[in-house]
Structures are given as structure tokens and as C-alpha cells.
Amino acid sequence: QVQLVESGGGLVQPGGSLRLSCAASGRTLRSQDMAWFRQAPGKEREFVASSRRGEDTKFYADSVKTRFIISRDNAKNTLYLQMNTLKTEDTAVYYCAASGLSRIITSAVREARMYTYWGQGTQVTVSS
């Protein structure tokens, strides 16, 4: 079993930055594929970014790929999402997700159904 706890959300003005953290327990991040998803009010959950285990391979949604950076600190068992140049359309609840032992094929890293464990989410609001 894996427990994920997100933090770092809040209210920020357009153009600002935030860094989200996802602390994991129960299994090391080193052995899992990890990702961030988000869900805005009235919308479906959407993929933001992913980080493959054992590789430096990262994937991003087109809407964030020049502004967001996903990273992990295996020693701290923590996943991060650095969000820069935030826009009002980035407003959402952000969720951390972990694959567990199963390795996710490249073509499926953007699919929420491929991730077994989820955090409770952290609210990010971008508004002036």
C-alpha cells in the first residue's frame, strides 16, 4: 500500500509560481512511475506530467510543457511539480498519482486509469 500526501497549493496571481510536493510512504518512489493530474470544477481529471521510474524520461501535457517541471527526490521519497508563469486556466485541484509495482507503457502514461494510488489533492487557484 502506498500513501501520497500533496502540499504546496494556494492562491497565486497570474504569472506567479508555486511548487507542489507529494510525500510518499509505504513504498519508495524509486520503484514506481509517478504523475501529476489536475481537475478543474465541472471538468474531467486531466494529465499534467509524469516521471518514469529509473529513467530521466518525463512527459508533459502540451498546455504546461514550457512552464511546469516534474521532478523527484528519491532520497526524500517526494515528487515535485514546479509551476511557473501560472495562468487562470491552471486553477484546479492537483493530484499526485503512483503506479505501484506495475510499469506503465509509454503510450499510456497520460491515462489516469493506469495509476493505482492517489493523493487527496491540493487546491491551486490562479487569480488576480
Side-chain angles (χ1 to χ4, degrees):
Q1 195 74 0
V2 177
Q3 293 79 41
L4 304 172
V5 179
E6 302 98 334
S7 61
L11 174 64
V12 62
Q13 292 186 341
S17 297
L18 281 175
R19 188 176 80 156
L20 305 183
S21 299
C22 172
S25 60
R27 180 171 289 144
T28 63
L29 293 188
R30 190 186 308 273
S31 63
Q32 304 187 75
D33 297 330
M34 302 293 297
W36 288 96
F37 287 79
R38 67 187 182 186
Q39 187 166 18
K43 296 187 176 181
E44 293 188 354
R45 191 169 297 190
E46 66 172 358
F47 170 80
V48 175
S50 67
S51 169
R52 302 291 299 276
R53 75 187 76 182
E55 307 173 13
D56 197 30
T57 306
K58 299 168 185 177
F59 298 90
Y60 295 93
D62 288 344
S63 59
V64 308
K65 64 183 178 182
T66 62
R67 301 182 294 121
F68 290 10
I69 300 172
I70 188 172
S71 63
R72 60 169 81 195
D73 186 332
N74 288 329
K76 294 183 178 180
N77 224 30
T78 301
L79 182 75
Y80 300 100
L81 185 68
Q82 177 66 43
M83 305 187 296
N84 301 318
T85 319
L86 283 160
K87 305 176 180 180
T88 55
E89 51 263 44
D90 294 319
T91 295
V93 177
Y94 284 71
Y95 297 92
C96 172
S99 66
L101 290 178
S102 301
R103 185 171 184 87
I104 302 174
I105 59 175
T106 300
S107 61
V109 297
R110 293 174 173 81
E111 298 180 31
R113 64 183 178 87
M114 302 305 294
Y115 296 85
T116 303
Y117 302 102
W118 293 83
Q120 83 289 348
T122 185
Q123 176 71 46
V124 172
T125 302
V126 184
S127 175
S128 55

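Please read all numbers here as calculations on a predicted model, not as lab measurements.
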- Query: Hey, which of C22, C96, S51, S21 is the one that makes side-chain contact (heavy atoms from CB on, under 4.5 Å) with Y80?
  - Reply: S21
- Query: Please walk me through it: do V93 and F37 pass side-chain contact (heavy atoms from CB on, under 4.5 Å)?
  - Reply: CA-CA 8 Å; V93 177; F37 287 79; over 6 Å; no
- Item | Any S50 side-chain heavy atom under 4.5 Å of R110 side chain | no
- Task: List the atom of V126, the atom of D90, and the distance in Å for their closest heavy-atom pair.
- Result: CG2-CB, 4.3 Å
- Query: Have T28 and N77 got a donor and an acceptor in their side chains that come within less than 3.5 Å?
  - Reply: no
- Query: Counting only heavy atoms not in R30, do more than 12 sit closer than 6.0 Å to its CZ atom?
  - Reply: no
- Shortest non-hydrogen pair, R67 vs S63, comes out as NH2-O, 2.9 Å
- Query: Do the side chain of E6 and the main chain of Q120 share a donor and acceptor less than 3.5 angstrom apart?
  - Reply: yes
- Can you list the steps and then say if L4 with M34 is a side-chain contact (heavy atoms from CB on, under 4.5 Å)? CA-CA 11 Å; L4 304 172; M34 302 293 297; 4.3 Å; yes
- Item | Path from I104 to W36 over hydrophobic side-chain contacts below 4.5 Å | no
- Message: Quick one: does any side-chain atom of R53 pair with a main-chain N or O of L101 as donor and acceptor, under 3.5 Å?
- Response: yes
- Message: What I'd like to find out is whether the side chain of R38 reaches to under 4.5 Å of the side chain of V64, using heavy atoms alone.
- Response: yes
- Message: With a 4.5 Å cut-off on side-chain heavy-atom distances among I, L, V, M, F, W and Y, is there a chain of contacts connecting Y94 to V12?
- Response: yes
- What pair of heavy atoms forms the shortest contact from K43 to Q39, and how long is it? O-NE2, 3.1 Å
- Distance (rounded to the nearest 0.5 Å) between T122 OG1 and L18 CG: 8.5 Å
- Task: Establish whether M114 and Y117 are linked, either directly or via other cluster members, by ILVMFWY side-chain heavy-atom contacts under 4.5 Å.
- Result: no
- Item | Closest heavy-atom pair and its distance - A40, A92 | N-CB, 3.8 Å
- Query: Could you go step by step and tell me if R52 and T106 meet the side-chain contact (heavy atoms from CB on, under 4.5 Å) rule?
  - Reply: CA-CA 9 Å; R52 302 291 299 276; T106 300; 3.0 Å; yes
- Message: With a 4.5 Å cut-off on side-chain heavy-atom distances among I, L, V, M, F, W and Y, is there a chain of contacts connecting V48 to L20?
- Response: yes
- Is Q32 reaching over with its side chain to a backbone N or O of G100, donor-acceptor style, under 3.5 angstrom? yes
- Message: Can you classify the ring geometry of Y95 versus W118 as parallel (below 30°), tilted (30 to 60°) or perpendicular (above 60°)?
- Response: perpendicular
- Between A23 and T78, which heavy-atom pair has the shortest distance, and what is it? CA-OG1, 4.2 Å
- Task: Look at atom CD of E89 and say whether more than 12 heavy atoms of other residues, nucleotides or ligands are closer to it than 6.0 Å.
- Result: yes
- Hey, is the main chain of I70 close enough, under 3.5 Å, to the side chain of Y60 for a donor-acceptor pair? yes
- Query: So, for P14 and S128, which heavy atoms are closest and what is the spacing to 0.1 Å?
  - Reply: CD-N, 3.7 Å
- Message: Quick check against the 3.5 Å criterion: does R72 have a side-chain atom that pairs as donor or acceptor with the backbone of L29?
- Response: yes
- Might you work through the side-chain contact (heavy atoms from CB on, under 4.5 Å) test for D33 and R103, ending with a clear yes or no? CA-CA 7 Å; D33 297 330; R103 185 171 184 87; 3.8 Å; yes
- Query: Hey, do the aromatic rings of F59 and F47 have their centres closer than 6.0 Å?
  - Reply: no
- With sequence neighbours excluded, tell me which residues meet side chain to side chain donor-acceptor pair (under 3.5 Å) with T125. Q123
